[in-house]
Each structure stands twice: as C-alpha cells, then as structure tokens.
Amino acid sequence: MTNVFDILQERGFIEQSTNEEEVRELLGAGPVTFYIGFDPTADSLHVGHFIQIIVMMHMQKAGHRPIALIGGGTTMVGDPSGRTDMRKMLTQDEIAANGERFKKQFSKFLYFDDKDGAIMLNNAEWLLPLNYIEFIRDYGKYFSVNKMLTAECFKSRMEKGLSFLEFNYMLMQSYDFLELYRRHGAILQMGGNDQWSNILSGADLIRRVEGAQAHALTFRLLTTSAGKKMGKTESGAVWLDPEKTSPYDFYQYWRNIDDADVANCLGLLTFIPMDEVRAMTDTAAGADINKAKECLAYEVTALVHSPEEAEKAQKAARALFGGGGGNLDDMPTSEISQADLANLDITTLLNKCGLIASNSEGRRLIKDGGIYLNNQRVSSFDQTIGAADFKDGYALLRKGKKVYHKVILK
RNA sequence: GGAGAGGUUCCCGAGUGGCCAAAGGGAGCAGACUGUAAAUCUGUUGGCACCGCCUUCGGUGGUUCGAAUCCACCCCUCUCCA
C-alpha cells in the first residue's frame, strides 16, 4: 500500500514537517493517532477548513486515526496567527453554538462510529477548568518568552500590538497536543502552514514534559497562484453550510477559478487520481481547461453537499451558460405574489431578490447596463414590471454576466 | 505613570476652516474583448423621493455664518521612558 505521506505529497498538500523522513516512516509503519484543531469562530466550516478535512479523509483511508478537535476553549483566547489585529471576541454561548454546528458538519466526512473510528473532542473540556496559577507553574515554566517572540506568528504582530490574551494562544494549543498525547496517544499534529509555530511548540512541550517525541506536519494554505487566499467572495467566505452558501453558488465558485489554479485545486480538494488530474490539466489549452473546471466544481460540490446537488448545480449552470435548453429549476429563486405586482418597478424587484444592497446600487447597475430582465438589458431604473414579463410563470433576472436569479409569480 | 505619534469612507492612505461625499492606490461591481478564465481598456463604489436633499472622517460637547480640519474632555492604538 502506498504511504499516505507520498499521497499527500503528490497531491501538493505538504509544506513543512518536523522531519520528513521520520514522519514518512511513522505513517508507513502503522496506525497513527493524529489531530487537527478547528476553532469555531463562525457558525459554519468553510473551504479553508475543508482542505484539512480532506487530509483527515486521506489519513483515515490509510488506516490512521483522526481526532477532530473543536477549539471551544482556544476560541475563548483567539489565535493571533496570520492576523494583523485582534479577533472579535465571541461569547461563550456563541462559541458553544458554533462548535455544535462544526460537529454536525464533521460527521459528514469522517467515520466516528466504531472504536477505531475518528474521535471528536472539544478542548473546552480541559481548557476551561484550568486553574491559572497551577497552569503557569506546571506548564508556563516550559515556555520561553524570548523564543516565542521570535515565532513568525507573533512577529507580524510586534508592530501592531499583541495582547497578553492572544499571546497565550500558543500555550493553549500546546497544552491541547499534550492532553491528546496523554489521553489518546496522539503523536502527530497537522494543520495549515500558519499553524507551524503553534504545532511545534506543542511537540516541544510533549518532549519536555513526557520525554516523548511528537511530530508536526503542515499543509499549504489554499491560495491562488497569485498568492491570495482562496475561498473568499464578495459576500464573505465560501461556506460548507448550504444555508450560507448554496450548492449552486458553491459550484459556481469552483467553476470560475483561474486557469492557473485548476490543477492545484483538483489535487487538494478532490480524490481524483493524480494521473487523471495531470491528463486533464497538463495539455488543456484554451477552452479545454473548462472541462477540468467543470470536473472540479462537480467533484467538490459532490463531496461537500451530495452528488445529487452537484448534478443539479451543474445542470442549472449549463442551462444558463451553455446557451438554451436545460433545467432552470435549481438556480437561486425568489417568489412574488400577484399583489406585489401592483406598481412594481425593476429596482424594487431587484431589492426583493437580494440582488442589490440599496436602490442607489440598482440605479448604478442599470445605468452601467448591468441588469437584464429575460435577457433584455434594462435601460431605465423606473421600468415597471407586469404580468407579461412572467412568461410561463417566471421571469429571469440577471446581474452582470454571471449572477442569475429566477422570480416566480405565484 | 511620563513624553511623543496617531485614530478618515470596504482596506491602505492623502486631506489641517468653505472649492470635501472627502485625492491616490488596493479590492469590489458593471461595460468592452473572451472560454462562466487571465490580462487589458472604460465606467463606477454612503444613502434617498438622485440636476436636489440627508448622514459620514474614534466619542461627547464647544468656537464659527461655516469644522474631517480649531478648542475642551473622554475612549482606543503605537513608539520611547518608568
């Protein structure tokens, strides 16, 4: 059987490890219990988390045991890594509620059932009851402030300022690793490359306290070829929760990524064998790359939502962009009543559908020629909408080239 | 605690009494060209009953015909000193 380390490497995940050879051997030798932490700072996981989940899936497939750690405790502190300012403080209730949402989402991707299955834990369990004096006496003594200050994750904050609260984050995460080592024999922590210093610090703590060797392995963050973080849209992150990012929008996000990022994403976000990925993208010149994009969009949507949802999204997208035919049932839709129809103008309608944030924006868009009703450019912002615009009971609104919205007249 | 610098529209960052809804850049949005791509060019980016009106420049008061700009107090951030 192929060593999962090689798989991860081939697919482009691996960025840094404590010792490449040792970690590789470790993963080849037998089942390893490892963990990845997720701080519940929002009410849904997003694609940045998804890449970590994919890693856990690869690892579980290879016979290793994942611990999905929900950071109910660490979120109380807030990770300063990769941030230029302090995070918004969340209340304990919000954190707990978010943690519950995470929990549900995880169960979709990993097996937790049997005794060898994945484990889901929340570090609130051991972090919240910690006693301050006891903790800093027993563990604080192992941390060198001088050394911590040289860590990359703090360096960037030396100018903008770093509160003592956030400075403690590294200790909390390190303690997690130690706790999971003690409870479940976890000897490997993985995470995004921004977690490198936090993870290392935990491995150090285990060595100092327990005299045992623990390992760190970090992955590339999901970035575009231009180095920008992926998974962001104008309306925020690309969420895994279908309520927050509809399967259609999710599909479209991947369908629209840059040519240069397709191969990358196929490696990181799907399970398509790498030789197929290469076959699809290596030679794909010009418009052929679109096939690879469709494949990517379909696969990721199928994984995150379901093959049925992916199918629907694909059909809707093809119907809209492929020119005629196809099924318009699965695109974003609003309903209006006969009563709404009285004196209904285009701006009001756009507003109702959530396509514009203000009437001013609507005016602007119409002035710029960016609004279409039933594929006819709208030229006046006070154009009225009547029953005649609803052929077959619906009207098709479009904003710009890509944002379609169906309005059903009830 | 002391001294200094600073808090401006989504972000960075100009602006130091009227010509400021506020330069410039980034980012977003739209148009053209395309492959639902990139690059490029153009337009645009507080709100509204939109040739006009209303609300914005950390907060609260004040000076003034008029304040993002001046004054007072307060809050917050950074740097140096303790």
Side-chain angles (χ1 to χ4, degrees), chain A residues 80 82-89 154-166 223-238 248-266 280-281 283-298 300-301 313-326 328 330-332 343 345-348 350-351 354-373 375-382 396-405:
Chain A
R83 293 208 133 228
T84 52
D85 56 354
M86 196 166 120
R87 286 170 186 277
K88 185 179 151 252
M89 289 262 233
F154 294 132
K155 258 188 194 159
S156 53
R157 291 294 295 279
M158 293 321 274
E159 281 169 27
K160 277 272 186 176
L162 177 72
S163 71
F164 187 66
L165 172 73
E166 299 170 277
T223 54
T224 66
S225 50
K228 287 221 177 74
K229 266 194 191 170
M230 278 186 82
K232 294 272 177 200
T233 68
E234 71 278 15
S235 43
V238 176
Y248 173 81
D249 288 336
F250 189 86
Y251 177 94
Q252 281 295 299
Y253 180 81
W254 302 108
R255 179 62 187 77
N256 279 313
I257 63 168
D258 289 11
D259 289 6
D261 298 319
V262 181
N264 224 331
C265 288
L266 282 166
M280 255 191 288
T281 53
T283 55
D288 281 347
I289 191 80
N290 275 326
K291 291 197 184 105
K293 287 189 192 179
E294 272 205 326
C295 174
L296 171 71
Y298 180 89
V300 185
T301 310
Q314 188 162 66
K315 272 193 187 143
R318 279 181 178 162
L320 292 170
F321 294 99
L328 293 182
D330 302 308
M331 63 178 355
N343 292 321
D345 62 60
I346 184 75
T347 323
T348 314
L350 289 167
N351 233 325
L355 289 174
I356 54 174
S358 68
N359 288 351
S360 295
E361 189 186 337
R363 275 167 184 264
R364 228 177 282 133
L365 277 163
I366 289 165
K367 196 184 78 197
D368 292 345
I371 294 294
Y372 304 79
L373 174 67
N375 283 317
Q376 292 266 307
R377 181 172 275 173
V378 175
S379 53
S380 157
F381 57 79
D382 48 14
L396 187 61
L397 277 174
R398 189 173 116 213
K399 180 184 128 189
K401 271 176 254 180
K402 293 177 193 162
V403 183
Y404 285 87
H405 199 96

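Lettering of chains follows the sequences in order, A, B, ..., and the numbering in each one begins at 1.
- Taking a pair to require two hydrogen-bonding distances under 3.5 Å in either a Watson-Crick or a G-U wobble arrangement, B:rU40 pairs with B:rA32.
- When rounded to the nearest whole Å, the span between CG of A:L397 and C1' of B:rA30 equals 16 Å.
- Counting to the nearest Å, the P atom of B:rU44 and the NZ atom of A:K367 are 6 Å from each other.
- As rounded to whole Å, 11 Å separates atom P of B:rU79 from atom CG of A:L162.
- Between the P atom of B:rC48 and the CG atom of A:N359 lies a distance of 5 Å, rounded to the nearest Å.
- The nucleotide B:rA22 finds no pairing partner, because no Watson-Crick or G-U wobble arrangement with both distances shorter than 3.5 Å includes it.
- In this structure a side-chain-to-backbone donor-acceptor pair under 3.5 Å is present from A:E166 to A:S163.
- Distance check on atom C1': B:rC10 versus B:rU56 gives 14 Å, rounded to whole Å.
- Looking at the side chain of A:K401, the nearest of the listed nucleotides B:rA37, B:rG35, B:rC33 is B:rC33.
- Rounded to the nearest Å, the gap between the P atom of B:rC11 and that of B:rG62 is 30 Å.
- Side-chain nitrogen and oxygen atoms of A:S360 include none within less than 4.0 Å of the OP1 or OP2 phosphate oxygen of B:rU45.
- A donor-acceptor contact shorter than 3.5 Å links the side chain of A:D345 to the backbone of A:T348.
- Remark: C1' of B:rG31 and CZ of A:R377 are 7 Å apart, rounded to the nearest angstrom.
- The listed nucleotides are B:rC50, B:rA37, B:rU36; the one nearest the side chain of A:R363 is B:rC50.
- A distance of 6.0 Å or more separates the ring centres of A:Y248 and A:Y253.
- Nucleotide B:rU69: unpaired (no Watson-Crick or G-U wobble partner with both distances less than 3.5 Å).
- Between the side chain of A:K293 and the main chain of A:I257, a donor-acceptor pair closer than 3.5 Å is present.
- Going from atom NZ of A:K399 over to atom C1' of B:rU44 covers 13 Å, rounded to whole Å.
- Remark: C1' of B:rC29 and CD1 of A:I356 are 13 Å apart, rounded to the nearest angstrom.
- Base pairing analysis places B:rU56 opposite nothing; no Watson-Crick or G-U wobble pair with both distances below 3.5 Å involves it.
- Of all the heavy atoms in A:R377 and A:Y372, the pair that sits closest is NH2-OH, 3.0 Å.
- Rounded to the nearest Å, the gap between the C1' atom of B:rC29 and that of B:rC76 is 33 Å.
- In this entry the distance linking CG of A:D288 with C1' of B:rU36 reads 16 Å, nearest Å.
- Here B:rG4 sits opposite B:rC78 as a Watson-Crick or G-U wobble pair (both hydrogen-bonding atom distances under 3.5 Å).
- Checking the phosphate oxygens (OP1, OP2) of B:rA30, no side-chain nitrogen or oxygen of A:Y372 falls inside 4.0 Å.
- Rounded to a whole angstrom, the distance from the P atom of B:rC73 to that of B:rU79 is 25 Å.
- With B:rC48, B:rC50, B:rG35 as the candidates, the nucleotide lying closest to the side chain of A:S358 is B:rC48.
- Atom CG of residue A:N359 and atom OG1 of residue A:T347 lie 6.0 Å apart, to the nearest 0.5 angstrom.
- Residue contacts for A:I371: at a heavy-atom cut-off of 4.0 Å it reaches no nucleic acid atom on any strand shown.
- Side-chain proximity of A:N256 to the nucleotides B:rA37, B:rC29, B:rG35 is greatest for B:rA37.
- Both distances falling under 3.5 Å, in either a Watson-Crick or a G-U wobble arrangement, occur for no nucleotide opposite B:rU63.
- In the set B:rG47, B:rA37, B:rG31, B:rG47 carries the atom at the smallest distance from any side-chain atom of A:R364.
- The same atom, C1', is picked in B:rC65 and in B:rU9; the two are 27 Å apart, to the nearest Å.
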